[in-house]
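What follows is a short report on a single structure.
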Amino acid sequence: MKKYFSIYLIMAVAVILGLQSCNKDEDTTTTTAYEVYSFSSTMVSDFSLKANTKIMSNLDSVKFTIDQDRGLIYNADSLPRGTRINALLVEMTCASSVASKEFVIKNGDVLKDTVITYNASQNDSIDFTGDVTLRITSGDGNYVRNYKVKVNVHKLDVDTIVWNQSRRRDLPNVSSNLKASKTVKQNNEFLCLVNDNSNYVLSSSDDPLAGTWSKTMLALPFTPQVASFNATTDALYMLDTNGQLFKSTDLGASWTDCGVAWLSIVGGYDNKLLGIMSDGNGGYVHVEFNENQTCTTGNVDENFPLQGMSPLVMANNEWTSSQQAMIVGGVLANGNLTNLVWGYDGKNWAPISNDNVLPAVRDAVLFPYYTMVKRSTGATYDKKVTWMVMGGMLNDGKLNSTSYISRNQGINWAKGENSVQQPAHMPAFYGAQVFSFERTQSSASTLLMSYNPGQVTPVTQWQCPYLYLFGGYAKNGGAHNSVWEGVLTGLTFKPVF
């Protein structure tokens, strides 16, 4: 030990003398080699919790950050909500020459004002619910280093989708006589069409909850099917009550008869509109409208819905070379409902789902979002792209209130965990629309603020995707005058990096 000290001291002196020779004109502060040694000998180089399956599996694998500059020790990835941290055993590594290692605990749930001396065979548990300071005293007794130790625990469940009742809003420009609504998204603009007290009003906004909607009272030369309202990248479309297709390229100010009659509009795919029309012989064909032309693209499969399918949703994934779009459910030619998910790759339609977990349903919503999946080891979660189905009307006329999820792009489905189900305060619905919208999240607005590792630029803002559910109808056909905001709790937490 004496030999080690001598070498260390010589090296420290050399460093200090070098610094002094470079800065002797600017810096008159004198630092002794003994002080350098004392400071370095009190560093904690490793910190962890001991395993305890009664508290949490893989507790000993929780990663802790040691910020030497700020004197902080903490787990950047918080433990799951409800984890007990009032009696934890720790393991740590620091220089063997230190005189003492003490945990100073104040205002804990169990330990109010306690000092615990740490040793290698530590059996005294630490109460991390209060203020905990790790006090390291150097072997010479001349230097004391203090670390603030924090075991972070989420205050909210990381894998819960919250539909905040206080954030619910009314649809824009609605009187007390709302009859129908349909919201679409064109590029980055939300467009909400309402049949309001016998008027048709189209409102637009780039933020679904900002309350700053621009209103246009439509002077339509036809009576529209509001549910058929759709958008491509360059135009708006609607069917009249006879199925005649109309188009607008000036945000609804004027409408042009396209000269074709369709049974239904499936949705917009880039700059072309997809739909279904009769072939004149009792059958049906897929059609596209683009550049003022209708193109027939093939016969409709008997298992493909003619109407009542969910709004068409775009989907990118690693298995497709082109943009893919998806729908779920709807009414077949024989009048039955279907539970199939269909995908469109720009040219062809094909069924995607291959199980019978989803119920046969019409006018449901299908959308991609995220869920948090706990890793097999440790307490951390991974964010997984997750497709969801919500709402809709079942074969017996009842409304579906169960949320279903798929984590493999709509192939296999399962009933979602309780944490992603509709809350009781949110009414059942069919015929609604759901969109994802990214909001800038900041430390001040986060539901739970977490620490960030030392030596990493602190995260102060990040993009958080929220869900917005527009309109829909009750079982009796009454229109819901509402915009609901939902968010996966874990996405509101400050990222670790």
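Everything numeric in this text was worked out from a predicted model, so none of it was measured.
- Nearest heavy-atom pair across L469 and A432 is CD2-CB, 3.8 Å.
- The distance between the ring centers of F190 and F435 falls below 6.0 angstrom.
- Taking 4.0 Å as the cut-off between side-chain N and carboxylate O, E291 and K247 do not count as a salt-bridged pair.
- Checking D127 against T129 by side-chain atom types alone, a donor-acceptor pair falls below 3.5 Å.
- At a cut-off of 3.5 Å, with distance as the only test, a side-chain donor of S175 or D196 sits close to an acceptor on the other residue.
- Residue K272 comes nearest to G346 through the heavy atom pair NZ-O, 2.8 Å, listed as atom of the first residue, atom of the second, then distance.
- Proximity of a side-chain donor or acceptor of Q422 to a complementary backbone N or O of T402 within less than 3.5 Å is not detected.
- Residues Y269 and Y344 place their aromatic rings such that the two centres sit under 6.0 Å apart.
- When all heavy atoms are compared, the tightest approach of K182 to F229 is NZ-O, 2.8 Å.
- With hydrogens and angles ignored, the 3.5 Å screen pairs no side-chain donor or acceptor of E302 with any backbone N or O of A333.
- Counting only N and O atoms by type, the side chains of T440 and Q463 include a donor and acceptor under 3.5 Å apart.
- Under a cut-off of 6.0 angstrom, the local environment of CG in N418 is sparse, with at most 12 non-hydrogen atoms contributed by other residues, nucleotides or ligands.
- Of the possible polar contacts, none joining the N75 side chain to the F64 backbone as a donor-acceptor pair under 3.5 Å is found.
- Around CD of Q293, the count of heavy atoms belonging to other residues, nucleotides or ligands within 6.0 Å does not exceed 12.
- If you run side-chain contact (heavy atoms from CB on, under 4.5 Å) between Y284 and each of D279, D301, L306, only L306 comes through.
- Not less than 6.0 angstrom separates the ring centroid of W484 from the ring centroid of Y468.
- Using a distance-only test at 3.5 Å, with no hydrogens or angles considered, a donor-acceptor pair links the side chain of T386 to the main chain of K384.
- Considering all non-hydrogen atoms of both residues, Y369 and V487 come closest at OH-CA, 3.4 Å.
- Side chain to side chain, T371 and R407 meet the donor-acceptor criterion of an N or O pair below 3.5 Å.
- Remark: the backbone N or O of G329 is not paired with any side-chain donor or acceptor of T338 at under 3.5 angstrom.
- For the residue pair W413 and W387, the shortest heavy atom distance occurs at CZ3-O, 3.5 Å.
- Formation of a donor-acceptor pair under 3.5 Å by the N481 side chain with backbone atoms of D170 is not found in this model.
- With hydrogens and angles ignored, the 3.5 Å screen pairs no side-chain donor or acceptor of H425 with any backbone N or O of N164.
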- [ ] Would you please test E288 and K347 for salt bridge (charged side-chain N to carboxylate O under 4.0 Å, His left out) and show each step?
- [x] CA-CA 10 Å; E288 298 176 356; K347 294 182 178 180; over 6 Å; no

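- In D250, the CG atom is crowded: over 12 heavy atoms of neighbouring residues, nucleotides or ligands sit closer than 6.0 Å.
- Between Y430 and Y473, the two ring planes are tilted [angle within 30° to 60°].
- Although no hydrogens or angles enter the test, the distance criterion places a donor-acceptor pair under 3.5 Å between the side chain of R169 and the main chain of R167.
- Taking the six-membered ring for Trp and the full ring otherwise, the centers of H480 and F470 sit at least 6.0 Å from each other.
- Side chains of N408 and S406: a donor on one and an acceptor on the other come within 3.5 Å.
- D257 and Q244 share a donor-acceptor pair across their side chains, judged by distance under 3.5 Å alone.
- Among all heavy-atom pairs drawn from L491 and P465, the shortest one is CD1-CG, 3.6 Å.
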